[in-house]
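Worksheet: one structure, shown below.
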Amino acid sequence: MNSFRRPGREVEVIVQVLGTVLMGGFALLTSTGFFFGATAALNQGIPWLMNVLLWVVFVIWQFGPVLFEGYSPGLSFREVARYPIRFPVYSFLNCLYGLSDPVAITCVVWLFAMWLAIMMQKPAWAPLAAVLFLIFIVLNVLCNRVIIGLLERFQSTRRGREMMIVIFLILMLIPQLFQFVGRDLERAGKLGRLKPILTALLPVNRVSPPGATFETLTLSASEKLMPLAILLAYTAIALLLFLRQSRKVYQGEIYAEGYAARRELKVDPGWSLPGIDLTISAIVEKEMRYLRQNLRMLVALAYPAIILIFIVFGRGGARQMFPLAHSASGVLCGFGAIMLLGVPNMAYNIFGFDNEGFGRWLLAPLPLRKVIFGKNLAHASIFAGMYLLVGMIVCAALKVAWVSVITITIAFFAILVLQFAVGNVCSAQWPKKVELTRMNSRFVSTAGVYTSLLVSLVIGVICALVMAASKFLELDALPLLASVIGAAIALLVYHLLLNRTVHHVYEHLENIERILSSLTTTA
Amino acid sequence: MAETVLETQALRRTFGRLVAVDNLHLSVERQQFFGFLGPNGAGKSTTIKMLTGLLRPTNGEIRIFGKDFEKNSVELKRRIGVVPEGLALFERLTGAQLLNFVGRMYGLDRATAVRRTTELLEFMDLAGSADKLVADYSHGMKKKTALAAAVIHGPEILFLDEPFEGVDAIAATTLKRLLQRFISHGGTIFLTSHVLEVVERLCTHIGIIQNGRLVASGSLDELRSGVRVAGHDQSPLTLEEIFLQVVGGVKEDVEVLSWL
Ligand SMILES: Nc1ncnc2c1ncn2[C@@H]1O[C@H](COP(=O)(O)OP(=O)(O)OP(=O)(O)O)[C@@H](O)[C@H]1O
Ligand SMILES: [Mg+2]
């Protein structure tokens, strides 16, 4: 971004200075850790600790700059690249730029701390260590530049940016997975089981850059050759990759969205769904195509299935977190409930993804009822399909009584229909433009979220009352009866609210259109 | 006598206290090429939106093919084609998917939709980008896609809000030929544009709107005879001269931004 003269400039500078100071303090503090770690490795007889430290440097160097890229100060290298310089100079500057990253500087400081420890404990190793660490630094810089180059290229496409968002979301999931698994393992006292995995990884370590550096340093003179060759080979490969990539950029390759143009124009015929008329098929197709690009929504949809896996197959800890998981029908019920909690994301802002396309629905020679029904059909079928699929897995694995299966399934569909009915009204009442390429853009307006919570709460209370009544009054058939009645009510409500929604949309056309096609999004 | 295909009676639209369109009486006959002109903010787009169902009139009546638009909107929408102000495209479909989709929304069967999509993509010179998302199209390409979407079902009236804005010279020429062909085959066009040369060359009839009110309307000759320019010689007035005369002319006495 170009830095214009802005009133907040001073604040920005202060924040940057503070950031640098903090970063420096952090680097110094942690480097004493590396110093003592290396010292311990050398004189306590635990040399592998040094190997671990090298791994830490390597991993942080490769991932840190990527993760914290937004925070690194200074000018972008692309701006330097505009000046008329020769390729070797250009490449060298490119490397230096990589070295100027705060994370990279921290890593160099750590390596220096380790080298100091080596010099004090085993002075004879110091010269070799200095050379090796230098090679290691060069390797890291080159590697990092190549990775960032690849990412930049990846990010320059719309699809790539969206993939990045998803990757981050999945990364955010991982700690939760570990929590689940960790808890289970801990309970079973199975942490010791990790040992064979570590042993299996040893050969991998030997051919890795940190492992090779470590072995060249510590093995006897005759054995040094092999790891040294590996280390140099890595560096050479990284250098080649770097130069190749660097030359492309130097020669002016722009990371633009590239599409392979098809030589022959071939238009695929649209969908024709059995038993559904052609226009509704077309609407369903359009919605599905939109959804396929909406990776964030897909990830959100996958959450319940992931949680289910832990409920069904996890033991101990994971199960204890879900009280319902003690009975087979409870699992199905719980899964249905989790699925339903995700419905508002899709149902409460049905026009939100269309943006300026909203007007197209009004131009089309279709009653708005049909459009909304088509959209609902597309969205609901996804939940229905997932419920049926996972429901079958649960039934196969856990032997649920068939009365419960029928009751829960009818109740699921009743609630689904009800949520879409209320969702339609909210979509018309509080439309919100959603941008798929922005990570923090919510799917539903704030008012919509509150409404959906309220609706879920009311439904939850009704379900609980029915369950309690059937238990205390010993009316075994009550839940089934209630869900059938609920389904009938839901259909009626859907019909009535659909009319209301259509009316509301027609009354507030320009308002909805203005919100959906506005350039700026309101949070 | 030619058939009146589009007629408005006392059409009015307000936004809060702002009157965007006021007491508009329009009448367009079959095979007319009607140019709807006016300064920025005059109410042209608002009028087109009301005529095509994107906006509801506050008051007044719209009749298309003699039928009330509000009461017969589904049937009438099938017979008109629209390029609205914001284009209203589903930008996350590819060009091919979008046109195919729009075709089916108008009730074309699958085979016809595919055939016309292919023809239109080639005609609009979009075949090379048919598999790109519309979101990645340039402004002009989006406009051409919207034009293709407006004609895919073979409409009888076209409503075009600034169709020439942003398209290149080659495309504009092809487009003009397309529109003239459309007229000669019995179609009717209602278009707004700021490019007065184009309007003068293409349009048979013209309406000029200012501050939401229709201030002049008729064929070009009728307008010429209605406007007198002081000190003007005998050569026929250009549309630009008429336009400036009707809407109040340039502020010649005001100094043009002294600091520029
Ligand atoms: N949704 C809306 N809400 C409030 N005011 C509006 C809205 N749409 C249009 N207006 C106002 O109505 C008036 C007419 O706008 P319109 O878009 O019809 O002008 P136009 O003739 O198409 O102008 P241009 O030549 O710039 O396209 C303007 O004053 C505009 O600010
Ligand atoms: Mg306009």
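Chain letters run A, B, ... following the sequence lines, proteins first and then strands; every chain starts at 1.
B/R30 has a carboxylate O that lies under 4.0 Å from a charged side-chain N of B/E156, or vice versa, which qualifies the two as a salt bridge. Under a 4.0 Å N-O distance rule, the pair A/K266/B/D131 does not qualify as a salt bridge. The pair A/R360-A/D354 does not count as a salt bridge, with every side-chain nitrogen at least 4.0 angstrom from each carboxylate oxygen.
For chain A, the nearby part of B/R13 is the side chain; its heavy atoms alone come within less than 4.5 Å. For chain A, the nearby part of B/V102 is the side chain; its heavy atoms alone come within less than 4.5 Å. In this structure, no portion of A/L516 lies under 4.5 Å from any heavy atom of chain B. Contacts of B/Q97 with chain A are made by side-chain atoms alone, with heavy-atom separations under 4.5 Å and no backbone atom involved.
For A/Y290 and A/F353, the gap between ring centers reaches or exceeds 6.0 Å. Ring to ring, B/F190 and B/F36 are close: their centroids are under 6.0 angstrom apart. Aromatic ring centres of A/W271 and B/F101 lie farther apart than the 6.0 Å criterion allows.
Considering only heavy-atom pairs separated by less than 4.5 Å from chain A, the leading option among B/L121, B/T117, B/L54 is B/L54. In terms of heavy-atom pairs under 4.5 angstrom with chain A, the leader among B/L93, B/V82, B/L76, B/L99 is B/L93. Interface summary for chain B: among A/P269, A/G357, A/S272, A/P367, the most heavy-atom pairs under 4.5 angstrom belong to A/G357. Among the candidates B/H153, B/R110, B/R115, the residue making the largest number of heavy-atom pairs closer than 4.5 Å to chain A is B/R110. In terms of heavy-atom pairs under 4.5 Å with chain A, the best-connected choice from B/K49, B/R104, B/K77 is B/R104.
Scanning residues 376-384 of chain A against chain B with a 4.5 Å heavy-atom cutoff picks out nothing at all.
Judged purely by distance below 3.5 Å, without hydrogens or angles, the side chains of B/T112 and B/D109 pair a donor atom with an acceptor atom. Side chains of A/W430 and A/N349: a donor-acceptor N/O pair is absent below 3.5 angstrom, by distance only.
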For a side-chain hydrogen bond (donor to acceptor under 3.5 Å, both in side chains) check, start with the C-alpha distance between A/Y348 and A/Q419, then their side-chain angles and the critical distance, and finish with the verdict.
CA-CA 8 Å; A/Y348 275 62; A/Q419 285 283 20; 2.7 Å; yes
What verdict does the side-chain contact (heavy atoms from CB on, under 4.5 Å) test give for B/I189 and B/F34, after you've listed the backbone C-alpha separation in whole Å, the side-chain angles of each residue and the deciding distance to 0.1 Å?
CA-CA 6 Å; B/I189 296 177; B/F34 192 92; over 6 Å; no
